[in-house]
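What follows is a set of notes on a single structure, which appears directly below.
By convention in this document, chain letters (A, B, ...) are assigned in the order of the sequence lines, proteins followed by strands, and residues within each chain are numbered from 1.
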Protein chains: 2
Amino acid sequence: MTAIEQTEAARPRGTRLPRRARRNQLLGAAQEVFVAQGYHAAAMDDIAERAGVSKPVLYQHFPGKLDLYLALLDQHCESLLESVRTALASTTDNKLRVYATMDAYFAYVEDEGGAFRLVFESDLTNEPAVRDRVEKVSLQCAEAISDVIAEDTGLSRDQSMLLAVGLGGVSQVVARYWLASSSPVPRDQAVQLLTSLAWRGIAGFPLHGAEH
Amino acid sequence: MTAIEQTEAARPRGTRLPRRARRNQLLGAAQEVFVAQGYHAAAMDDIAERAGVSKPVLYQHFPGKLDLYLALLDQHCESLLESVRTALASTTDNKLRVYATMDAYFAYVEDEGGAFRLVFESDLTNEPAVRDRVEKVSLQCAEAISDVIAEDTGLSRDQSMLLAVGLGGVSQVVARYWLASSSPVPRDQAVQLLTSLAWRGIAGFPLHGAEH
DNA sequence: AAAGCCGTGGAGGTCAAGATCGGCGTGCAG
DNA sequence: CTGCACGCCGATCTTGACCTCCACGGCTTT
């Protein structure tokens, strides 16, 4: 009953790859395993087997498990930040901006083979390197949103950051819920609904800080 | 250089406690360690030492590490759900309801020695038992909120659930951010700000589903 | 007051998983 | 044709954390 035979899944088993290509393949395999199992439950053996190589080659490309994880995490943090910034810059109509940004979160959660789990549902937040990266990307996204809010309302820096964190948080939480609940509401409609909620909330701020 | 001496921190060292009290003390010690270190980094030795007992007694009260964690998790899930339900039932004025509910999340995050981390920042979400509990309490909170929304607006069940998940998400995310950012804005004001945002957003829905 | 019992304490077993060493096959230069 | 170099694999080591076995001391009973 030992694991001897399940190596047939995705194995050229014996093909020699150039170094760069091998590295990318290893990253792909690692992503699948990390997304499916989480960091702790994922074993280096699993990743190697998924990639169709043996463990030593894995260690010839990455010094350790953490480095492998961080490489993926950096990649997808960058991706999220870029999506959000692109969405914010895609228009000057603030309501459309809200829609585009929300939609960016939905797209991010839906695409990329579930890689969003590495950022939003990591089980390695105790590791300072991971915590730093996750907090940093959250902060950077919030700051990008906050800049727009602060520019178009009379709110202070701290206040607009609170709202920005909130808007990013809604997008992220609802997008994950929407994905997990097998999408009873179509994506367009969900984003539209959230946009209505958020836009009405935001649009009330321009002239007055916070009345009664 | 072995660790021999740091057992002096909180030790009656030798006191015999009634079973119930001992169990509570163990739960307290476990909570401190789990909150500070996370599940994986926390060692049973640490918990036993923190409580001033030896490992066998720990295992006489709890079958294993997971059971100990689940006991704490259940406790604090229950606590959150009760706080949210109490807040929702505290008034019939919907705007005050929003304020009370947001404030419940802030209070939950601020109090209880950081226990919210067990629910919102667990590093054991891959364990099905943990995942089930966390998802369940999120869903129950969202349903409680959703009931109020569905009752007072013309939105469908699915739509009001999306909004409810969003509102719970904002509260949770912003409360955590507020706590972590060493509170540059006083709690009352932060809750007030969020309430304004959310209430304006929600109050637009009563009569019409979602126009343009 | 003496003896037994029950719970406590420290030391050890087991096992999984991250990290590594000697052989092997392949492709190329001379 | 032959030797060399390079990348890959099977098998192994070690660490660390969860989880139990032999001595000891206070409380109860006659």
Side-chain angles (χ1 to χ4, degrees), chain A residues 1-8 10-26 29-30 33-34 36-71 123-124 126-127 129-130, chain B residues 1-8 10-23 25-26 29-30 33-34 36-71 123-124 126-127 129:
Chain A
M1 78 161 58
T2 56
I4 291 179
E5 304 256 351
Q6 71 265 33
T7 61
E8 304 302 326
R11 281 227 187 185
R13 190 64 173 183
T15 55
R16 281 164 104 96
L17 265 59
R19 205 169 165 77
R20 185 64 54 87
R22 179 64 83 192
R23 182 190 154 95
N24 287 337
Q25 190 216 2
L26 291 177
V33 176
F34 280 138
Q37 315 258 339
Y39 180 83
H40 295 286
M44 292 298 264
D45 305 71
D46 299 342
I47 297 172
E49 183 174 321
R50 191 80 181 81
V53 299
S54 80
K55 257 188 300 183
V57 292
L58 203 50
Y59 282 95
Q60 283 161 9
H61 285 263
F62 301 95
K65 191 183 183 184
L66 182 59
D67 306 86
L68 182 53
Y69 190 80
L70 288 179
D123 58 344
L124 197 63
N126 306 106
E127 178 64 36
V130 174
Chain B
M1 73 160 63
T2 57
I4 291 180
E5 304 257 350
Q6 70 265 33
T7 60
E8 303 303 327
R11 281 225 186 187
R13 190 64 172 186
T15 55
R16 280 166 104 95
L17 266 58
R19 197 166 174 81
R20 184 64 54 86
R22 178 65 82 191
R23 184 188 153 95
Q25 190 215 1
L26 291 176
V33 176
F34 281 138
Q37 315 257 337
Y39 180 84
H40 295 287
M44 292 298 264
D45 305 73
D46 299 344
I47 296 172
E49 183 174 323
R50 191 79 181 81
V53 299
S54 81
K55 264 187 291 183
V57 295
L58 201 51
Y59 283 96
Q60 282 161 9
H61 284 264
F62 301 94
K65 191 183 182 184
L66 181 60
D67 305 85
L68 183 52
Y69 190 80
L70 288 179
D123 58 343
L124 197 63
N126 306 104
E127 177 64 36

Can you tell me how far C1' of C:dA16 sits from CG of A:Asp46, to the nearest Å? 12 Å
CZ of A:Phe34 versus C1' of C:dG18: gap in Å, rounded? 12 Å
Nearest-Å distance for atom pair CG/P, residues B:Leu58 and D:dT20: 12 Å
Spacing between B:Gln60 atom CD and D:dC21 atom P, to the nearest angstrom: 12 Å
How far does NZ of B:Lys55 sit from CD1 of B:Ile47, to the nearest 0.5 angstrom? 11.0 Å
If the condition is ring pair (Phe, Tyr, Trp, His ring centres under 6.0 Å), which residues does B:Tyr39 pass it with, not counting sequence neighbours? B:Phe34, B:Tyr69
Excluding sequence neighbours, so at least two apart, what forms side-chain contact (heavy atoms from CB on, under 4.5 Å) with A:Asp46? A:Val33, A:Ala43
Can you pull the side-chain hydrogen bond (donor to acceptor under 3.5 Å, both in side chains) pairs that have at least one residue in residues 58-67 of chain A, sequence neighbours excluded? none
With B:Ala41, which residues qualify under side-chain contact (heavy atoms from CB on, under 4.5 Å), at least two apart? B:Gln37
Looking across every strand, which nucleic acid part, if any, lies under 4.0 Å from A:Ala41 by heavy atom: base, sugar-phosphate, or nothing? nothing
Quick one: A:His61 NE2 to D:dC6 C1', roughly how many Å, whole number? 12 Å
Rounded to the nearest 0.5 Å, the CG atom of B:Leu26 sits from the CG atom of B:Leu58 at a distance of 5.5 Å
Closest non-hydrogen atom pair, A:Ala48 against A:Ser54: CB-C, 3.9 Å
In this structure, how many angstroms lie between the C1' atom of C:dA16 and the NE2 atom of A:His40, rounded? 15 Å
Sequence neighbours excluded, which residues qualify as side-chain contact (heavy atoms from CB on, under 4.5 Å) partners of A:Asn24? A:Arg20, A:Leu27
If you define the side chain from C-beta out and look only at heavy atoms, does anything of B:Leu70 sit under 4.5 Å from B:Glu127? no
Polar-atom pairs under 3.5 Å, protein N or O versus N or O of nucleotides 23-25 of chain D: list them with distances, or write none.
none

Nucleotide D:dC19, atom C1' - distance to CG of B:Asp67 in whole Å: 13 Å
Between C:dA17 atom C1' and A:Ile47 atom CD1, what is the distance in whole Å? 12 Å
Below 4.0 Å: OP1/OP2 of D:dG7 and any side-chain N or O of A:Arg22: no
Distances under 3.5 Å between protein N/O atoms and the N/O atoms of nucleotides 19-23 of chain C, please, pair by pair.
| from | atom 1 | to | atom 2 | distance (Å) |
| --- | --- | --- | --- | --- |
| C:dA19 | OP2 | A:Tyr59 | OH | 2.8 |
| C:dA19 | OP2 | A:Lys65 | N | 3.2 |
| C:dA19 | N6 | A:Lys55 | NZ | 2.5 |

